[in-house]
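Just follow the structure's listing: the first ligand is 1, and inside any ligand the first atom is 1.
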Amino acid sequence: STGGAVATPEDHDVEYLTPVSIGTPEQILNLDIDTGSSDLWVFSSETSRSEVKGQTLYDPSNSSTAQKLEGYTWSISYGDGSSSAGEVYLDTVSIGALTVSSQAVEVAQKVSSEFTSDSNNDGLLGLGFGSLNTVQPNAQKTFFDNAMPALDSPVFTADLKAGIPGRYNFGYIDPNAYTGNITYVSVDDSQGFWDWTSPGYAIGSGSFENTTIKGIADTGTSLLLLPSSVVSAYYGKISGAKYDSTQAGYVLPCSPTPPDFAFGVGDDGAAIVLPGKYINYAPTGSSGTTCFGGIQGDSGIGFAIFGDVALKAAFVVFDGGSKTLGWASK
Ligand SMILES: COc1ccc(CN)cc1O
């Protein structure tokens with residue numbers, strides 16, 4: 001089997017939302033597919049009313065295939081401090097033509113303000129490794145883990161794009177979605193993430209800097225978070241760029257377009273190039289002269305995060321069979 005669906009960007013590509021069908025008859029929710037976590041949770045009929053602002057709600061009582069896991073609960077918090085918690089049902093979940101008949105659907109009873117204010121986001125669908133799932137007393141499998149045995153190939157691919165819809169596909173690699181070769185690298189799943197190591201970077205037309213950058217491929221994080229040495233080297237090339245403590249990040253003049261940023265993949269010289277305009281993440285004020293940087297530091301996290309700013313420059317294969325990541329330009 002195979003499947004897939006569109007991934008539509010929200011403002012500034014802060015996140016990408018994908019229609020997911022849940023229950024019988026189907027209830028379609030727009031979920032944030034997140035390779036950095038492993039819970040499938042949704043806004044629901046059980047979500048505290050004061051914490052719902054426009055989201056579509058999954059109502060298990062309207063699904064003939066919903067089964068409550070009595071006594072099961074979940075509670076999750078994300079790197080940005082947001083959180084949610086609730087109870088657990090099993091139900092049928094589909095992404096395009098791919099269906100999992102008994103998927104754990106975690107219904108939110110509480111969500112933090114970040115989720116309440118994100119009115120188009122109806123929940124998250126985690127595609128990290130199973131060890132990160134928060135369901136108690138027994139952890140539940142991700143949609144990918146449940147689907148994998150039936151997939152033509154044990155993979156899913158992320159083809160996110162700047163400002164326009166891209167796609168998540170399951171079970172196959174679309175040869176028309178990328179250019180050149182796919183370079184595969186090893187993954188360390190010991191922390192539950194798609195954790196890999198880039199050999200270094202280049203700024204604009206500059207020479208390649210060999211420096212080990214270990215980090216995770218995370219569709220659920222907006223920016224590219226890198227070691228401070230790399231970040232200061234990049235912004236050091238841009239007149240007017242500076243660390244702004246009130247914005248808690250580097251800001252830069254939106255014009256002229258900043259230099260491209262490339263990160264290495266594998267030991268044969270392959271690289272993914274971010275066009276400089278991707279680093280103009282969003283204007284910081286109404287004048288539009290200053291932009292918040294799409295590359296920021298990873299201090300305090302313990303690893304780099306290749307979030308949407310990086311991923312949207314690539315076609316990425318998440319290979320659950322070999323536990324490798326494949327990177328290609330497009
Ligand atoms: C809407 O806000 C969020 C979306 C996705 C994640 C997971 N990385 C955390 C959030 O706070």
Side-chain angles (χ1 to χ4, degrees), residues 5 7-20 29-44 47-48 50-58 74-86 95 104-135 140 142-144 156 158 160 166 168 189 191-195 215-226 248-249 281-282 292 294-298 300-312 316 318:
T8 302
E10 290 288 285
D11 286 352
H12 311 302
D13 303 344
V14 65
E15 63 187 11
Y16 292 77
L17 298 176
T18 294
V20 176
L29 276 67
N30 296 316
L31 304 186
D32 180 359
I33 293 184
D34 179 11
T35 59
S37 65
S38 302
D39 285 51
L40 193 174
W41 73 263
V42 292
F43 276 79
S44 75
T47 310
S48 167
S50 64
E51 295 174 353
V52 177
K53 292 264 185 305
Q55 291 83 4
T56 298
L57 309 179
Y58 165 64
W74 61 281
S75 177
I76 195 164
S77 54
Y78 298 99
D80 65 352
S82 61
S83 61
S84 49
I95 298 180
V105 179
E106 301 170 31
V107 299
Q109 293 175 304
K110 300 186 297 188
V111 303
S112 64
S113 59
E114 296 85 356
F115 290 109
T116 298
S117 59
D118 193 358
S119 56
N120 295 329
N121 179 328
D122 304 326
L124 266 64
L125 189 146
L127 295 182
F129 291 96
S131 59
L132 292 178
N133 182 263
T134 74
V135 174
Q140 299 299 298
T142 68
F143 176 82
F144 181 49
F156 66 90
L160 303 179
Y168 289 103
D189 68 346
Q191 305 305 304
F193 298 117
W194 292 88
D195 194 355
I216 69 173
D218 183 1
T219 58
T221 289
S222 309
L223 306 183
L224 170 55
L225 308 179
L226 294 171
Y281 176 68
F292 191 75
I295 293 174
Q296 296 293 342
D298 66 6
I301 300 173
F303 44 83
I305 301 186
F306 295 83
D308 299 332
V309 160
L311 298 172
K312 66 189 180 186
V316 190
F318 294 75

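- Remark: ligand 1 atoms within the under-4.0 Å shell around heavy atoms of Asp34 are 7 (C), 8 (N).
- Per-residue contacts place Leu124 under 4.0 angstrom from the following atoms of ligand 1 (heavy atoms of the residue considered): 5 (C), 6 (C), 7 (C).
- Neither the backbone nor the side chain of Asp218 has any atom closer than 4.0 Å to an atom of ligand 1 (non-hydrogen atoms only).
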| side chain to side chain donor-acceptor pair (under 3.5 Å) between Ser37 and Asp39, worked out | CA-CA 6 Å; Ser37 65; Asp39 285 51; over 6 Å; no
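- Residue Asp32 holds the heavy atom nearest to atom 4 (C) of ligand 1 of all those in Asp118, Asp32, Thr221.
- Residue Gln191 places its CD atom among 12 or fewer non-hydrogen atoms of other residues, nucleotides or ligands, all under 6.0 Å distant.
- Near Glu15, the atoms of ligand 1 lying under 4.0 angstrom from a non-hydrogen atom of the residue are 1 (C), 4 (C).
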| query | Can you check side chain to side chain donor-acceptor pair (under 3.5 Å) on Asn121 and Glu114, steps first, answer last? | reply | CA-CA 10 Å; Asn121 179 328; Glu114 296 85 356; over 6 Å; no
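- Listed here is the closest heavy atom pair of Ser38 and Asn133: O-ND2, 2.9 Å.
- Atom CD1 of residue Ile33 and atom OG1 of residue Thr18 lie 4.0 Å apart, to the nearest 0.5 angstrom.
- The protein atom (non-hydrogen) at minimum distance from atom 8 (N) of ligand 1 is Gly220 O, 2.7 Å.
- Looking only at heavy atoms of the protein, atom 9 (C) of ligand 1 is closest to Ser82 OG, 3.6 Å.
- Phe193 has its ring centre less than 6.0 Å from the ring centre of Phe303.
- Among the atoms of Phe115, none of the N or O lies under 3.5 angstrom from an N or O of ligand 1.
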